[in-house]
Peer 1: 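Provided herewith is a single structure, encoded as structure tokens, for subsequent inquiry.
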Amino acid sequence: MPKTPSRGIGTPIDRNIALELVRVTEGAAMAAAPYMGRNRKNDADGAAVDSMRRSLNFVDMDGIVVIGEGEKDEAPMLYIGEQVGNGNAPKVDVAVDPIDGTRLVARGLPGGIATVSLAERGSMFYTHIPYMEKLIVGPKAARVIDITDTVKNNLRRIAKAEDRHIEDLTVVVLDRPRHDTLLEEIRSAGARVKLIMDGDVAAGVMAAMEHRTGIDVLMGIGGAPEAVLAACAIKCIGGSMQGRLWLRDEDQAVLVKEGKTAGQVLQLADLVNGDNVFFAATGITDGELLEGVRFLEDNRCRTQSLVMRSHSGTIRYVEAEHSLAKLRLRREEAEQEGPLAVRMESDAAPGMPG
């Protein structure tokens, strides 16, 4: 039986959404990059948020932020429930992380990215519980994972699905004290471990793109909002993901209020459903997934981005070189002429920084 086409994001606007999402993440990355290694985490994040918020308003969409910077009282921009876009169709959920790995950027460490995802309205998972246990793999092992099973059994099945030995697998894990037991289990099973300080979204994408990154599996407890962003990318790549909300004592009341069940296994389709999902990311600092922003001579810079679409399974790498002087000048001229000119100038100047 032929698949029913998605009614949310229609074919005529696919190209525009993909290109404008890259512009959004390019701008956020370029806005944050000057703060690399300057130990000014809040300034870097503020610059990225401001740029991303401004750029999202130029996108042809009627968007609602589902994953954002926090509740309205905590975040002046890109807060949960905020409307973004120019108000035109389609109606979409928006998930943003202006800097995935803010501490990485502030310390000048690898792996900081700017990222945004879109999906049909009502299709993204949301909770006020901040943490989630995750298990992420690429397409070859997509059907063999079980987050309720032991680490060793999962690694055995993953290795078999990929026609490899457990000793050949590399598992990425956030470097946190809560993972001490998990790390012992991974090492005793024989797999290799890659510890990361931050960068939950990028790590999940790397695990799903193991043929490009050398990372085969992500295991452990990270952010629940980051899980949804990673799920959007995995939906496009064709890998698999399972999650379980990880509860602290203070989260029990939230769980009851939201009507969720402790220990429930969340499949990829629970985190983001629908067939039309977009994911875009731009590197801020150099990493295994993407190169960071490079400042060049003559007031220019270079960016590397990744954009995906689930409906077609297309994965694109976009490398761009930007004239910072021209982009600033064009933006200043457009702002003086009014909102319509700003919109037209944004369309004509991809990657306009904040």
Side-chain angles (χ1 to χ4, degrees), residues 25 29 95 97 99-105 109-117 132-142 145 147 151 154-155 158-159 161-162 164 166 168-176 179 182-183 186 191-223 225-243 268 271-272 277-292 303-308 310 313-319:
T25 57
D97 197 346
I99 303 181
D100 174 46
T102 311
R103 184 166 53 164
L104 301 178
V105 174
L109 296 172
I113 65 172
T115 183
V116 61
S117 296
M132 185 180 293
E133 180 188 1
K134 310 168 198 178
L135 176 56
I136 299 175
V137 294
K140 288 185 178 180
I145 60 173
I147 200 170
V151 169
N154 272 293
L155 292 175
I158 292 166
E162 297 192 356
R164 298 161 69 191
I166 291 181
D168 299 327
L169 299 179
T170 300
V171 185
V172 63
V173 181
L174 278 170
D175 190 3
R176 301 289 189 273
H179 289 147
L182 172 64
L183 290 170
I186 295 170
R192 304 191 306 167
V193 173
K194 180 179 178 62
L195 289 173
I196 57 170
M197 177 185 292
D198 291 299
D200 214 358
V201 179
V205 177
M206 287 193 297
M209 299 180 72
E210 79 275 22
H211 63 291
R212 297 188 67 102
T213 64
I215 302 297
D216 304 289
V217 191
L218 177 143
M219 289 182 169
I221 298 157
E226 288 82 357
V228 177
L229 276 156
C232 290
I234 294 160
K235 184 89 172 182
C236 299
I237 296 165
S240 185
M241 175 177 184
Q242 293 181 355
L268 184 61
L271 296 170
V272 57
V277 181
F278 286 92
F279 174 90
T282 300
I284 304 173
T285 60
D286 281 342
E288 290 157 291
L289 182 64
L290 290 165
E291 291 183 359
T303 58
Q304 186 181 57
S305 302
L306 177 64
V307 62
M308 314 179 192
S310 68
T314 303
I315 300 172
R316 291 183 175 93
Y317 281 87
V318 179
E319 294 194 4

Peer 1: Using side chain to side chain contact (heavy atoms under 4.5 Å, CB included) as the criterion, list what pairs up with Thr285, not counting sequence neighbours.
Peer 2: Met36, Val105

Peer 1: Locate the shortest heavy-atom distance separating Ile147 from Gly243; write the atom from each residue and the value.
Peer 2: CD1-CA, 4.0 Å

Peer 1: Are any side-chain N or O atoms of Gln242 and backbone N or O atoms of Leu135, one a donor and one an acceptor, separated by less than 3.5 Å?
Peer 2: no

Peer 1: Using the rule given for side chain to side chain contact (heavy atoms under 4.5 Å, CB included), can you reason through Ile221 versus Met132, listing the C-alpha separation, both sets of side-chain angles and the distance that settles it, and then say yes or no?
Peer 2: CA-CA 5 Å; Ile221 298 157; Met132 185 180 293; over 6 Å; no

Peer 1: Between His179 (side chain only) and Leu174 (backbone N and O only), is there a donor and an acceptor less than 3.5 Å apart?
Peer 2: yes

Peer 1: How close do Ile237 and Ala208 get, counting heavy atoms only, and between which atoms?
Peer 2: CG2-O, 3.5 Å

Peer 1: Heavy atoms only: give me the nearest Ile113-Ala281 pair and the separation to one decimal.
Peer 2: CD1-CB, 4.1 Å

Peer 1: At their closest point, which heavy atom of Ala141 faces which heavy atom of Ala161, and how far apart are they?
Peer 2: CA-CB, 4.0 Å

Peer 1: Checking Glu226 against Asp97 for the side chain to side chain contact (heavy atoms under 4.5 Å, CB included) test, could you report, in this order, the C-alpha distance in whole Å, the side-chain angles of both residues, the deciding distance, and whether it holds?
Peer 2: CA-CA 8 Å; Glu226 288 82 357; Asp97 197 346; 4.1 Å; yes

Peer 1: Can Thr170 and Val193 be said to form a side chain to side chain contact (heavy atoms under 4.5 Å, CB included), step by step?
Peer 2: CA-CA 6 Å; Thr170 300; Val193 173; over 6 Å; no

Peer 1: Consider side chain to side chain contact (heavy atoms under 4.5 Å, CB included). Of Leu268, Thr115, Val277, which one does Cys232 pass it with?
Peer 2: Val277

Peer 1: Please report the interatomic distance CG(Leu155) to CD1(Ile145), rounded to the nearest 0.5 Å.
Peer 2: 11.5 Å

Peer 1: Could you give me the CA-CA distance, side-chain angles and deciding distance for Met219 and Ile186, then say whether side chain to side chain contact (heavy atoms under 4.5 Å, CB included) is met?
Peer 2: CA-CA 9 Å; Met219 289 182 169; Ile186 295 170; 4.1 Å; yes

Peer 1: Could you tell me which non-hydrogen atom of Ala159 sits nearest to which non-hydrogen atom of Ile166, and how far apart they are?
Peer 2: CB-N, 3.8 Å

Peer 1: Using every non-hydrogen atom in the two residues, find where Gly239 and Ala142 come nearest and quote the distance to one decimal.
Peer 2: C-CB, 4.1 Å

Peer 1: Not counting sequence neighbours, list each pair that qualifies as a salt bridge (charged side-chain N to carboxylate O under 4.0 Å, His left out) and has a residue in residues 195-222.
Peer 2: Arg103-Asp198, Lys134-Asp200, Arg164-Asp216, Arg176-Asp198

Peer 1: Let me know which of Val217, Ile196, Leu182 forms a side chain to side chain contact (heavy atoms under 4.5 Å, CB included) with Val173.
Peer 2: Leu182

Peer 1: Excluding sequence neighbours, so at least two apart, what forms salt bridge (charged side-chain N to carboxylate O under 4.0 Å, His left out) with Glu288?
Peer 2: Lys194

Peer 1: Could you measure the distance from the SG atom of Cys236 to the CG atom of Leu306? Nearest 0.5 Å is fine.
Peer 2: 9.0 Å

